[in-house]
Number of protein chains: 2
Amino acid sequence: MSVPLYQAKAELFKTLGHPARIRILELLSERDHAVHELLDLIDIEPSSLSQQLAVLRRTSLVTSARVGGEVIYSVSVPEVRDLLLAARGILSGIIAAQGELGSELSPTATS
Amino acid sequence: MSVPLYQAKAELFKTLGHPARIRILELLSERDHAVHELLDLIDIEPSSLSQQLAVLRRTSLVTSARVGGEVIYSVSVPEVRDLLLAARGILSGIIAAQGELGSELSPTATS
DNA sequence: TGAATAGTTGCAAACATTATCAAGTCTTGC
DNA sequence: GCAAGACTTGATAATGTTTGCAACTATTCA
């Protein structure tokens, strides 16, 4: 039952392919956060946040621990930070390369 | 104008979230390939390959150039390689951390 | 105990992505 | 010109993902 590595990579990237999940990982790679803290920082419904956290948990990218009334999340693999930085590098590269012409990236919210 | 960076990142990762597209990028990050060469190396229908290439083109991750009878693809941003390597690092981290329990991820193939 | 806060789960509708087949363009070589 | 090879495009059914609401569990605190 072994999955080829390129497929595992695809799964990993798919897991990262959601704005809320990126935000979560960015925040968690700074420091651990309780769910309600994330909720204050990310504009999303509680249940939706919970579901995105579940996705990240399933992929073992984050872990959770109940501490009294709150549940604290942490990134389980520190290298996640590298991945996010690499992504930023690529985006800079692309943007630099094409100036500002028509992008497929749909403009919506701010921040 | 600007799309929030975290959203652009999510788009980027989403683009990478498909096994065929990962394969394509892995192959192209070694050297340029004509479509029919990719076709020989990846088990996929021509029309499907074409569609995946279109996705990568739209995101500006690859560029294509017609050379006589063939169309040659190249990665447009060399840093893509870093991203793929970072992904491999994370997968190793996860796999190492959890041994072989879940069996959702097991490395077999190369790269 | 009961109210309030903190999170999670289930589910159905809305939405996006993928695979496949048929049809079309472009280029080479005869 | 025209057949063959190399690719792309369009349409569509099948599948997968996301969202939002309601309901539910767990913990704290008064």
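Numbers restart at 1 for each chain; the letters A, B, ... are given by sequence-line order, proteins then strands.
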Would you tabulate the pairs of protein nitrogen or oxygen atoms and nucleotide nitrogen or oxygen atoms of nucleotides 13-20 of chain D closer than 3.5 angstrom?
{"residue": "D:dT18", "atom": "OP1", "partner": "A:R21", "partner atom": "NH2", "Å": "3.4"}
{"residue": "D:dT18", "atom": "OP2", "partner": "A:R21", "partner atom": "NH1", "Å": "3.4"}
{"residue": "D:dT19", "atom": "OP2", "partner": "A:H18", "partner atom": "NE2", "Å": "3.2"}
{"residue": "D:dG20", "atom": "O6", "partner": "A:Q51", "partner atom": "OE1", "Å": "3.4"}
{"residue": "D:dG20", "atom": "O6", "partner": "A:Q51", "partner atom": "NE2", "Å": "3.1"}

Quick one: do A:R88 and A:E26 make a salt bridge, cutoff under 4.0 Å? no
Heavy-atom pair with the smallest gap, counting every atom of A:S60 and B:I94: CB-CG2, 3.9 Å
Identify the stems formed by DNA chain C, where each pair is Watson-Crick or G-U wobble with both distances under 3.5 angstrom and a stem is at least 3 consecutive pairs. C:1-30 with D:1-30
Any side-chain heavy-atom pair from A:L28 and A:V80 closer than 4.5 angstrom? no
Just to verify, what does B:Q52 make a side-chain contact (heavy atoms from CB on, under 4.5 Å) with, not counting sequence neighbours? B:H18, B:A20, B:R21, B:I24, B:I44, B:S48, B:V55
Can you find a heavy atom in the side chain of A:F13 that is under 4.5 Å from one in the side chain of B:L84? yes
For nucleotides 3-7 of chain D, tabulate all protein N/O to nucleotide N/O atom pairs closer than 3.5 Å, reporting atom names and distance.
{"residue": "D:dC7", "atom": "OP1", "partner": "B:V71", "partner atom": "N", "Å": "2.9"}
{"residue": "D:dC7", "atom": "OP2", "partner": "B:H36", "partner atom": "N", "Å": "2.4"}

Between A:S64 and A:V71 (side chain of the first, backbone of the second, donor and acceptor by atom type, cut-off under 3.5 Å), is there such a pair? no
All side-chain contact (heavy atoms from CB on, under 4.5 Å) counterparts of B:S74, not counting sequence neighbours: B:D32, B:T63
Measure the shortest side-chain to side-chain distance between B:L61 and B:L12 over non-hydrogen atoms and say whether it is less than 4.5 angstrom. yes
The criterion is side chain to side chain donor-acceptor pair (under 3.5 Å); which residues satisfy it with A:E70, sequence neighbours excluded? A:H36
Should we count CG of B:D40 as having more than 12 external heavy atoms under 6.0 Å? yes
